[in-house]
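Note that the numbering runs from 1 along the sequence shown for the chain.
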Amino acid sequence: MDSESNTPQLPISPKEITTDWEKAMNLIMTCVSGHIHSRMFNIVMKLNVCDILEEGPKTIKQVAEVIGMDENSCFRLLRYFVAHELFSEDKSNIGTFEKTAISTMFSSKGKLRPMGERYTHDLHYKMFETLPETFATGHSNATKSVGVNHFWELFDLHPQYKDLFNQTMKVYTEAAISNITQSKGIDFSQYETVVDIGGNHGLLIGNLLEFYPTIKQGINFDLDVVINSSDQTLRYSHPRLTHVPGDFFQSVPQSDCYIMKFILHDWPTQDCVKILKTISKSMKPNAKIHLFEIIIDPRRGYSKYETYIDILMFQMVNAKERTLDEWKELFEMADFKLERVVDDIKTGCMIISKK
């Protein structure tokens with residue numbers, strides 16, 4: 001036996017309580033304990049706690065009665081999220097809790113509710129139980145743990161998760177629209193037809209048609225299961241917008257401009273090349289593709305958002321986020337060239353064309 005294993009650890013000295021120590025402890029409270037955070041937030045979402053506090057300040061007894069939980073457990077649940085600034089507690093009346101601007105975002109009418117539900121969903125959580133195996137093998141079999149071969153097959157078996165996915169994509173799109181339409185580096189007025197590849201229910205292309213009256217036709221192109229979903233109210237309606245179902249591995253509508261927002265990051269490189277080559281066949285002379293994708297820049301530094309989405313793609317669809325050099329390599333494989341990067345698009349934007 002290693003003699004060091006029998007050596008008693010000395011008490012932590014004040015000199016060891018440094019900024020690095022505090023950062024390390026913060027890591028324990030975030031990354032190391034992340035699974036606890038996720039499960040706790042799942043409880044809040046399932047029991048609609050944010051909605052209850054939207055009605056006004058509530059005592060522990062009142063909240064506990066509504067959600068069907070004993071008062072001690074309820075108190076510990078709300079207290080946990082006071083520490084994370086989701087809720088607040090009346091300091092002059094301990095045990096009375098109130099909403100915050102953040103909790104309102106996760107209420108039933110809040111913009112971030114779909115994200116809160118989807119990313120803590122039991123199905124989503126189960127898929128990530130195999131994450132260590134993914135890193136050990138370099139390949140994810142996460143979807144097999146929930147009974148399907150590929151992520152996109154989940155939608156037929158789990159319509160609620162599909163709805164949460166679509167709503168989450170809507171949130172991402174809504175957050176990006178103003179940035180795209182106000183960008184000084186993009187001008188869609190020069191194009192007659194704009195096709196949104198994988199445009200879900202047409203929110204982005206619909207807003208572009210509103211902003212650019214010179215675009216003669218907008219086409220929202222996505223899978224039939226998305227375009228012709230049971231909830232037709234999700235479709236964006238505009239007189240110059242047509243919704244076209246199809247498969248971008250087979251063919252896409254002809255156009256002089258294509259937009260793809262967070263599409264290629266869903267696919268391994270070989271599939272990305274196939275998608276671009278399919279689009280290439282329908283591109284009019286001098287046509288462009290506007291790719292709204294994350295561009296990881298090691299020199300700038302890694303953001304939590306970029307690295308989080310990268311792991312999400314790795315585990316769910318065996319895909320990845322890419323550096324600019326990796327994007328250029330991908331374009332080269334598909335016989336495309338990078339014309340320029342649009343710097344004022346927060347999500348990342350590259351304009352490419354055929355060689």
Could you list the donor-acceptor pairs under 3.5 angstrom formed between side-chain atoms of residues 203-212 and any protein atom two or more places apart in sequence or on another chain?
from: N207; atom 1: ND2; to: L203; atom 2: O; distance (Å): 2.8
from: E210; atom 1: OE2; to: Y236; atom 2: OH; distance (Å): 3.4

Could you tabulate the donor-acceptor pairs under 3.5 Å formed by side-chain atoms of residues 248-255, not counting sequence neighbours?
from: S255; atom 1: OG; to: T193; atom 2: O; distance (Å): 2.8
from: S255; atom 1: OG; to: C257; atom 2: N; distance (Å): 3.1
from: S255; atom 1: OG; to: C257; atom 2: O; distance (Å): 2.8

Below 3.5 Å, can you tabulate the donor-acceptor pairs from side chains in residues 61-69 to any protein atom, sequence neighbours excluded?
from: Q62; atom 1: OE1; to: T59; atom 2: N; distance (Å): 2.8
from: Q62; atom 1: OE1; to: T59; atom 2: OG1; distance (Å): 3.4

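By the salt bridge (charged side-chain N to carboxylate O under 4.0 Å, His left out) test, K170 pairs with no residue at all, sequence neighbours left out. Residues meeting the salt bridge (charged side-chain N to carboxylate O under 4.0 Å, His left out) test with E71, sequence neighbours left out: none. Partners of R76 according to the salt bridge (charged side-chain N to carboxylate O under 4.0 Å, His left out) rule, which considers only residues two or more places apart in sequence or in another chain, do not exist here. Partners of D310 under the side chain to side chain donor-acceptor pair (under 3.5 Å) rule, at least two apart in sequence or in another chain, do not exist in this structure. Under the rule for a salt bridge (charged side-chain N to carboxylate O under 4.0 Å, His left out), the partners of E192 that lie at least two apart in sequence or sit in another chain are K216.
Follow the hydrophobic side-chain contacts under 4.5 Å out from L330 and you reach M260 in the same cluster. Residues Y305 and I345 fall into different hydrophobic clusters, defined by Ile, Leu, Val, Met, Phe, Trp and Tyr side chains chained together at heavy-atom separations under 4.5 Å. I259 and L276 fall into different hydrophobic clusters, defined by Ile, Leu, Val, Met, Phe, Trp and Tyr side-chain heavy atoms under 4.5 Å apart, directly or through other members.
For residues 29-47, every residue pair satisfying the salt bridge (Lys or Arg N to Asp or Glu O under 4.0 Å) rule, not counting sequence neighbours, is listed here: R39-D122, K46-D122. Screening residues 126-136 for side chain to side chain donor-acceptor pair (under 3.5 Å) gives T130-Q315, T134-Q315 as the qualifying pairs, with residues at least two apart or on separate chains. Pairs passing the side chain to side chain donor-acceptor pair (under 3.5 Å) check and including a residue from residues 336-355, sequence neighbours excluded, read S183-D344, K288-E339, E332-K355, E339-S353. Residues in residues 87-107 take part in these side chain to side chain donor-acceptor pair (under 3.5 Å) pairs, two or more places apart or across chains: E54-T104, D90-S92, N93-T96.
Here the shortest heavy-atom pairing between D247 and F221 reads N-CZ, 3.5 Å. Closest non-hydrogen pair, E326 versus T323, comes out as OE1-N, 2.8 Å. The two residues D271 and W267 make their nearest non-hydrogen contact at OD2-CE3, 3.7 Å. Taking both residues in full, the closest heavy atoms of L112 and V171 are given as CD2-CG1, 4.0 Å, listed atom of the first, atom of the second, then distance.
Panel note: side chain T181, backbone S178; a donor-acceptor pair is recorded below 3.5 Å.
Heavy atoms of other residues, nucleotides or ligands lying less than 6.0 angstrom from CD of Q160 number 12 at most. Counted within 6.0 Å of NZ on K284, heavy atoms from surrounding residues, nucleotides or ligands total more than 12; the atom is thus considered enclosed.
To the nearest 0.5 Å, atoms SG (C272) and NZ (K320) are separated by 10.0 Å. Taking CZ of R322 as the start and CD of E329 as the end, the distance is 10.5 Å to the nearest 0.5 Å.
Under the ring pair (Phe, Tyr, Trp, His ring centres under 6.0 Å) test applied with F314, the options F151, Y308, F135 reduce to a single match, F135.
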